Q: 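Handing you this structure, nothing more for now.
Worth saying up front: this structure is predicted, and the values here are computed from it rather than measured.
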Amino acid sequence: CIRDRLRRLQLCNQLYKAYHVFQFDSAMTYVEKGLQLANLLRNKTYYANNLIHKSELLAIGGLYNEALETIELVDTTSFNKSQYFDYYLALFRIYSYWSDFCNDAIYAPHYREYAREYLKLAIPFLDRKDRTYEYYQGEYCGYILNDLAQARQHYLKVIAMTPENSRVHAMTCFALACTYSAPNETSLYECYLVMACISDARSLTMENLALQNLAMYTLEHVYDNLDIADAQRYINISLENAKFYNNRLRIIEISDRLPAIVDSYQAQLSDRNTNLRNTLFAISLLAVFLIAAIGFIFMQNNRLTQSDISYKRPTIAFLK
């Protein structure tokens, strides 16, 4: 019976990882089952792990206070290096999500600083053999050291050694794209952002930001009417993904960005209507001129006919 419960506990952990960035409610269901089983088995390791997972899920779902309350329940006294890394990394993510949610000049920098401090605490516990080692080294160089060149080197290593359909690959492509946000590096930004979107789709990641950013990038670099249609399609897909995942933060972000795309689309329709009206007016004028020209031609033709008849009659009389 204990062995069976342990097997179920391990299975719940695997299912949580599968649903983690795919569907919030399902991931939370398996975390709660994992907590119950770990409590029954008095397994402190799995119980702590599931509390960390739950806190991170709550943060993704926009429940930041609840996420902090949950992670405060974690007993860290018997943690190994891996658990300490996960613990501090969860706190880093909670405050990162919270700063993104605030997106202001008062609270966002405050929470971002908390996030930076927890990332600093997490990095020393990162195992060099871990497949995410290079990725988090890149995060450290970018967030803490502000060394974008060094961060790019780490990110490129991850992209080279991870499959395109993996979550790590998608995260890394997006992170690398963000290092190329300067005006003279937009081509590389676009390249890695598209790679992140493709990787998100292939890894079935519904909790993503890349497609939103691609929509806004497309809107800001409009070359023709097709670009606005693409931007609208990307943002609609992002909204459907956010609703499917049940991510409040992403839904709010999209709601803030959607009006800009709608305004551009309406402006596009207005331009089309203006062009259509101008075209119809031009066609109408052309038709009037054409009718007038045809009438003038008929009049001239009648005059020529009359002139020809008048000219021929005396000749016939004279011959008789």
Q: Taking the side chain as C-beta and beyond, is there a heavy-atom pair between Asn236 and Glu240 under 4.5 Å?
A: no
Q: Would the number of heavy atoms belonging to other residues, nucleotides or ligands and lying under 6.0 Å from NZ of Lys17 be above 12?
A: no
Q: Between the side chain of Thr172 and the main-chain N/O of Val168, is any donor-acceptor distance below 3.5 Å?
A: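 Yes: the side chain of Thr172 pairs with the backbone of Val168.
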Q: Using the rule given for side chain to side chain contact (heavy atoms under 4.5 Å, CB included), can you reason through Ile60 versus Glu207, listing the C-alpha separation, both sets of side-chain angles and the distance that settles it, and then say yes or no?
A: CA-CA 8 Å; Ile60 292 173; Glu207 197 290 299; 3.6 Å; yes
Q: Identify the two heavy atoms, one from Ser199 and one from Ala170, that lie closest to each other, and give their separation to 0.1 Å.
A: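 Closest pair (atom of Ser199, atom of Ala170, distance): OG-N, 3.2 Å.
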Q: Is His53 reaching over with its side chain to a backbone N or O of Val31, donor-acceptor style, under 3.5 angstrom?
A: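 No, because the side chain of His53 does not come within donor-acceptor range (under 3.5 Å) of the backbone of Val31.
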Q: For the residue pair Ile159 and Cys173, establish whether any side-chain heavy-atom pair is separated by less than 4.5 Å.
A: yes
Q: Whether the side chain of Thr76 engages the backbone of Phe79 through a donor-acceptor N/O pair (distance < 3.5 Å, no angle test) should be reported.
A: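 It does not hold such a pair.
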Q: Does the side chain of Leu6 come within less than 4.5 Å of Asn43's, by heavy atoms?
A: yes
Q: Write down the atom of Ala175, the atom of Glu139, and the distance for their closest heavy-atom approach.
A: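 Taking Ala175 first and Glu139 second, the nearest heavy atoms are CB-OE2, 3.9 Å.
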Q: I'd like to know if Leu148 and Met171 are part of one continuous hydrophobic network [Ile/Leu/Val/Met/Phe/Trp/Tyr, side-chain heavy atoms within less than 4.5 Å].
A: no
Q: Do Thr29 and Tyr16 have side-chain heavy atoms sitting under 4.5 Å apart?
A: no
Q: For the OH atom of Tyr234 and the CG atom of Leu214, what is their distance to the nearest 0.5 Å?
A: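 Between atom OH of Tyr234 and atom CG of Leu214 there are 5.0 Å.
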Q: May I have the step-by-step check of side-chain hydrogen bond (donor to acceptor under 3.5 Å, both in side chains) for Gln137 and Tyr155, ending in yes or no?
A: CA-CA 8 Å; Gln137 286 297 322; Tyr155 291 145; over 6 Å; no
Q: Quick one: does Val194's side chain get under 4.5 Å of Tyr217's, heavy atoms only?
A: no
Q: Calculate, to the nearest 0.5 Å, the distance between atoms CG and CG belonging to Leu51 and Asp75 respectively.
A: 10.0 Å
Q: Of all the heavy-atom pairs spanning Arg167 and Thr205, show the shortest one and how long it is.
A: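 Scanning both residues completely, I find the closest heavy atoms to be NH1-CG2, 3.2 Å.
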Q: With ring centroids as reference points, do Tyr143 and Phe92 lie under 6.0 angstrom apart?
A: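 Yes, the ring centres sit under 6.0 Å apart.
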Q: In Å, rounded to the nearest 0.5 Å, how long is the span from CZ of Arg8 to CG of Leu41?
A: 9.5 Å
Q: Look at the aromatic rings of Tyr180 and Tyr192 and report parallel, tilted or perpendicular, splitting at 30° and 60°.
A: parallel
Q: Applying salt bridge (Lys or Arg N to Asp or Glu O under 4.0 Å), which residue pairs with at least one partner in residues 104-113 are found, sequence neighbours left out?
A: Glu113-Arg116
Q: Start with the C-alpha distance between Phe101 and Tyr64, add both sets of side-chain angles, then the distance that settles ring pair (Phe, Tyr, Trp, His ring centres under 6.0 Å), and finish with yes or no.
A: CA-CA 10 Å; Phe101 173 78; Tyr64 308 108; 5.5 Å; yes
Q: Does any part of the side chain of Met28, heavy atoms only, come nearer than 4.5 Å to the side chain of Lys54, both counted from C-beta?
A: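 Lys54 vs Met28: side chains touch.
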Q: Taking it one step at a time, do Tyr245 and Phe22 satisfy ring pair (Phe, Tyr, Trp, His ring centres under 6.0 Å)?
A: CA-CA 6 Å; Tyr245 185 84; Phe22 181 69; 8.5 Å; no
Q: Are Phe174 and Met161 connected into the same hydrophobic cluster when the rule is that any two of I, L, V, M, F, W, Y join if their side-chain heavy atoms are below 4.5 Å apart?
A: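 Met161 and Phe174: separate clusters.
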Q: So, the side chain of Gln23 versus the backbone of Ser26: is there a donor-acceptor pair under 3.5 Å, distance only?
A: yes
Q: Verify the cluster assignment for Tyr84 and Ile144: are they in a single hydrophobic cluster under the rule of side-chain heavy atoms below 4.5 Å apart?
A: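 Yes, it is one cluster - the side chains of Tyr84 and Ile144 are joined through contacts under 4.5 Å.
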Q: So does Arg233 have more than 12 non-hydrogen atoms from other groups sitting under 6.0 Å from CZ?
A: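 Atom CZ in Arg233 is crowded, with more than 12 foreign heavy atoms closer than 6.0 Å.
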Q: For Ser82 and Asn80, run side-chain hydrogen bond (donor to acceptor under 3.5 Å, both in side chains): C-alpha distance rounded to whole Å, both residues' side-chain angles, the deciding distance at 0.1 Å, then the answer.
A: CA-CA 6 Å; Ser82 176; Asn80 57 32; 4.6 Å; no
Q: Can you confirm if the aromatic rings of Phe125 and Phe85 lie within a centre distance of less than 6.0 Å?
A: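 For Phe85 and Phe125, the ring centres are not under 6.0 Å apart.
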Q: For the pair Ile237 and Leu211, evaluate side chain to side chain contact (heavy atoms under 4.5 Å, CB included) and give the outcome as yes or no after the intermediate values.
A: CA-CA 8 Å; Ile237 294 171; Leu211 197 58; 3.5 Å; yes
Q: Look up atom CG in Leu63 and atom OG in Ser55, then write down how far apart they are to the nearest 0.5 Å.
A: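 These two atoms lie 12.0 Å from each other.
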Q: Are Thr179 and Arg152 close enough that a side-chain donor and a side-chain acceptor fall under 3.5 Å?
A: yes
Q: Could you go through Trp98 and Asn65, starting from their C-alpha distance and side-chain angles, then the distance that decides it, and tell me whether this counts as side chain to side chain contact (heavy atoms under 4.5 Å, CB included)?
A: CA-CA 10 Å; Trp98 208 343; Asn65 280 321; 3.5 Å; yes
Q: May I ask you to decide if the ring planes of Tyr95 and Tyr118 are parallel, tilted or perpendicular, using 30° and 60° as cut-offs?
A: parallel
Q: Working to the nearest 0.5 Å, report the span between CD of Gln212 and CG of Leu239.
A: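 If I round to the nearest 0.5 Å, the distance is 9.0 Å.
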Q: Tell me whether the rings of Tyr107 and Tyr111 are parallel (<30°), tilted (30 to 60°) or perpendicular (>60°).
A: parallel
Q: Does a side chain donor of either Thr132 or Asp130 reach within less than 3.5 Å of an acceptor in the other side chain?
A: yes
Q: Which atom pair, heavy atoms only, marks the closest approach of Ala177 to Leu193?
A: CB-N, 3.7 Å
Q: With side chains defined as the heavy atoms from C-beta onward, is the minimum distance between Leu176 and Leu156 less than 4.5 Å?
A: yes
Q: Might you point out which heavy atoms bring Tyr140 and Ile123 nearest each other, and give the distance in Å?
A: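 In terms of heavy atoms, the two residues are closest at CD1-CG1, 3.6 Å.
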Q: Under the side chain to side chain contact (heavy atoms under 4.5 Å, CB included) criterion, do His110 and Tyr114 qualify, and how do the steps go?
A: CA-CA 7 Å; His110 178 67; Tyr114 271 121; 3.1 Å; yes
Q: Sub-3.5 Å donor-acceptor pair from the side chain of Asn50 to the main-chain atoms of Tyr46, do we have one?
A: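 Here the side-chain-to-backbone pair exists.
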Q: Side chains of Tyr136 and Leu89, heavy atoms from C-beta outward: is any pair under 4.5 Å?
A: yes
Q: Applying the 4.5 Å side-chain criterion to the ILVMFWY set and letting contacts propagate, would Leu73 and Leu57 be lumped into a single cluster?
A: yes
Q: Do Glu134 and His154 get their side chains close enough for a donor-acceptor pair, meaning under 3.5 Å?
A: yes
Q: Side-chain donor-acceptor pair under 3.5 Å between Tyr88 and Gln83, yes or no?
A: no
Q: Which value, rounded to the nearest 0.5 Å, describes the distance between Arg202 atom CZ and Asn165 atom CG?
A: 8.0 Å
Q: Quick check: closest heavy atoms across Asp86 and Ile52, and the distance to 0.1 Å?
A: O-CG2, 3.7 Å
Q: Is there a path from Val21 to Tyr97 through hydrophobic residues (I, L, V, M, F, W, Y) whose side chains come within less than 4.5 Å of each other?
A: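 No; Tyr97 is not reachable from Val21 via cluster members.
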